[in-house]
J.: 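First the structure, then my questions, so here it is.
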Protein chains: 2
Amino acid sequence: MLKFSKKADYALLSLQYMATVQSGIDATPRVVNTKEIAEEHNIPVELLAKVLQTLARHQLIESHHNGPKGGYALGREPRAITLAQVLEAIEGPLGLTDCSHEKDDHSQCEQMNHCNIRTPLFKIQESIFQLLNSMSIEDLMVEETPMIFVESLKPQGVPS
Amino acid sequence: MLKFSKKADYALLSLQYMATVQSGIDATPRVVNTKEIAEEHNIPVELLAKVLQTLARHQLIESHHNGPKGGYALGREPRAITLAQVLEAIEGPLGLTDCSHEKDDHSQCEQMNHCNIRTPLFKIQESIFQLLNSMSIEDLMVEETPMIFVESLKPQGVPS
DNA sequence: GAATCTCCGACCGAAACCATCGGAGCAAAT
DNA sequence: ATTTGCTCCGATGGTTTCGGTCGGAGATTC
């Protein structure tokens, strides 16, 4: 539950990689191609290509001319690319429920005609959005501790 | 993306309904059966049955004797049932990535041998957990404004 | 004791997702 | 001008998850 799709993982990995690679170089942002990222992270090239295409279509990255020396580079500075933007580009509009986006009609949700949990769920949704919007690619560029295990995912005692 | 499954929706609806129904009655918690909930919210009975079974197995609700007059009731007070518990019961252990739970070995994640986004993602994950753990069934029992549309899901300007 | 109603586990089709393949277009290098 | 290597785009297949359905087992009421 709440798991990112692999495409989303690949997108985040790629963006972080591109940001790291071109950091320190001010004038000429380095162009990096699909194959390089794929080999670096050991993911299938063709699938990654599709992910990068999608990111380019949403202008999160720029495709620098075809042919040799071609490739991608970040479209903006890392800080200006939020995680919400990335996820939305890859997975489409995000929301906890189906009825989050039906601006036009709410006929879809007839099955829950007496739906009483909409409002509180929207509040949760809003909090998650805020969280994902507050973090950018820049925040992914931290020195990495090799392996961290989150031990207790279980709720530690019940709020009473 | 980030969407709840229908089973999760059904679970939350049911719990909220059971909590509402038995509120005001102090001594004898009212037992409610599957059919009643299903008809109330217009969802398939058999599927809802499975959801309730799962909830019972995780002791979020109690199954009161079979036969006529049988049914379910909340296992604890609404405040003691967090959303995280519900989701985890229905969907299994929740985490943004696959490598969130591999306590034993990390062989699974060979494909991302140079995975550099683990730590920041775990931070996001932790925040979401905290959020889902801070809200309980009780928080779902609010007076409902008939229909609310969240208008702007899009990021409103970029943090610079 | 029979009937009725419930909980419970097993089963099946549908849909989404991951991954793959082939081809077209284009710019740079030769 | 030709070749090379890369980006793009569409169509396709296999696999897993999810939504939904079915029949059986157990208990209580009449």
Side-chain angles (χ1 to χ4, degrees), chain A residues 1-11 13-14 18 30-39 41-73 75 87 89-94 97-98 108 111-112, chain B residues 1-11 13-14 18 30-39 41-73 75 87 89-94 97-98 108 111-112:
Chain A
M1 183 62 209
L2 281 181
K3 212 172 58 183
F4 285 168
S5 70
K6 289 195 178 177
K7 286 199 279 188
D9 288 337
Y10 297 162
L13 277 172
S14 301
M18 295 169 75
R30 213 192 117 191
V31 174
V32 55
N33 62 13
T34 307
K35 195 177 168 192
E36 178 180 344
I37 302 179
E39 288 178 348
H41 295 290
N42 204 32
I43 53 188
V45 193
E46 298 87 357
L47 181 58
L48 179 62
K50 247 171 68 166
V51 171
L52 295 182
Q53 286 166 29
T54 307
L55 291 179
R57 198 178 314 126
H58 287 80
Q59 291 162 355
L60 297 179
I61 60 179
E62 290 174 350
S63 94
H64 281 249
H65 61 264
N66 300 348
K69 294 289 185 179
Y72 293 100
L87 293 178
I90 296 294
E91 315 252 5
L94 35 85
T97 64
D98 288 323
Q108 197 76 348
Q111 41 179 217
M112 305 182 185
Chain B
M1 184 62 211
L2 282 182
K3 212 174 55 185
F4 286 167
S5 70
K6 289 195 176 177
K7 285 199 280 189
D9 288 338
Y10 296 162
L13 277 172
S14 301
M18 295 169 74
R30 212 193 117 191
V31 174
V32 55
N33 63 11
T34 307
K35 196 176 168 191
E36 178 180 344
I37 303 179
E39 288 178 348
H41 294 289
N42 203 30
I43 54 188
V45 192
E46 297 86 357
L47 181 58
L48 179 62
K50 245 171 65 168
V51 171
L52 295 182
Q53 287 167 29
T54 307
L55 291 179
R57 199 179 313 124
H58 287 78
Q59 292 163 355
L60 297 179
I61 59 178
E62 291 174 349
S63 95
H64 281 248
H65 63 263
N66 298 350
K69 293 286 186 183
Y72 293 101
L87 292 178
I90 297 293
E91 316 252 5
L94 34 86
T97 65
D98 289 323
Q108 197 76 345
Q111 41 179 220
M112 304 182 184

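Order of the sequence lines fixes the chain letters, A, B, ..., with proteins taken first and strands second; residue numbering starts at 1 for each chain.
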J.: Would you mind reading off the distance between His58(B) atom NE2 and dC7(C) atom C1', rounded to a whole angstrom?
T.: 17 Å
J.: Picking from dC7(C), dT6(C), dT21(D), which would you name as closest to the side chain of Glu46(B)?
T.: dT21(D)
J.: Determine: side-chain N/O of Lys50(B) to OP1/OP2 of dG9(C), distance under 4.0 Å, yes or no.
T.: no
J.: Rounded to the nearest Å, what distance is computed from the CG atom of residue Leu55(B) to the C1' atom of nucleotide dC8(C)?
T.: 14 Å
J.: Picking from dT21(D), dC7(C), dC6(D), which would you name as closest to the side chain of Tyr72(B)?
T.: dC7(C)
J.: Atom CG in Leu48(B), atom CD in Glu39(B): separation rounded to 0.5 Å?
T.: 11.0 Å
J.: Do the side chain of Lys7(B) and the base of dG19(D) come within less than 3.5 angstrom through a donor-acceptor pair of N or O atoms?
T.: no
J.: Tell me the interatomic distance from Lys35(A), atom NZ, to dT4(D), atom P, rounded to whole angstroms.
T.: 15 Å
J.: Among dC6(D), dA11(D), dT28(D), which is the nearest nucleotide to the side chain of Pro68(B)?
T.: dT28(D)
J.: In whole angstrom, what separates Asn42(A)'s CG from dA19(C)'s C1'?
T.: 14 Å
J.: Which pair of heavy atoms, one from Leu60(B) and one from Ala89(B), lies closest together, and at what distance?
T.: CD1-CB, 4.0 Å
J.: Within the structure, does a side-chain N or O atom of Tyr10(B) lie under 4.0 Å from either OP1 or OP2 of dG20(D)?
T.: yes
J.: Rounding to an integer number of Å, can you tell me how far Ile90(B) CD1 sits from dG19(D) P?
T.: 10 Å
J.: For a quick test of reading the model: is some side-chain N or O of Arg57(B) closer than 4.0 Å to OP1 or OP2 of dC7(C)?
T.: no
J.: Mind calculating the distance between CG (Asn33(A)) and C1' (dA27(C)) to the nearest angstrom?
T.: 15 Å
J.: What is the minimum heavy-atom distance between Glu91(B) and Ala8(B), and which atoms define it?
T.: OE2-CB, 3.4 Å
J.: Side chain of Thr34(A) only, heavy atoms from C-beta on: which candidate in dT4(C), dA10(C), dT7(D) is closest?
T.: dT7(D)
J.: Of the options Thr34(B), Asn33(B), Val31(B), which is the one that meets Tyr72(B) in a side-chain contact (heavy atoms from CB on, under 4.5 Å)?
T.: Thr34(B)
J.: Considering only side-chain heavy atoms of Pro44(A), which listed nucleotide, dT21(D), dG19(D), dA19(C), is closest?
T.: dA19(C)
J.: On DNA chain C, compare the nucleotides closest to Ser5(A) and Gly70(B); which residue's is nearer the 5' end?
T.: Gly70(B)
J.: I want to check something: taking the side chain as every heavy atom from C-beta on, are Ile37(B) and Val45(B) in contact at a cut-off of under 4.5 Å?
T.: no
J.: How many whole angstroms separate atom NE2 of His64(B) from atom P of dC7(C)?
T.: 11 Å
J.: I need the CG-C1' distance between Leu47(B) and dC22(D), as an integer number of Å.
T.: 13 Å
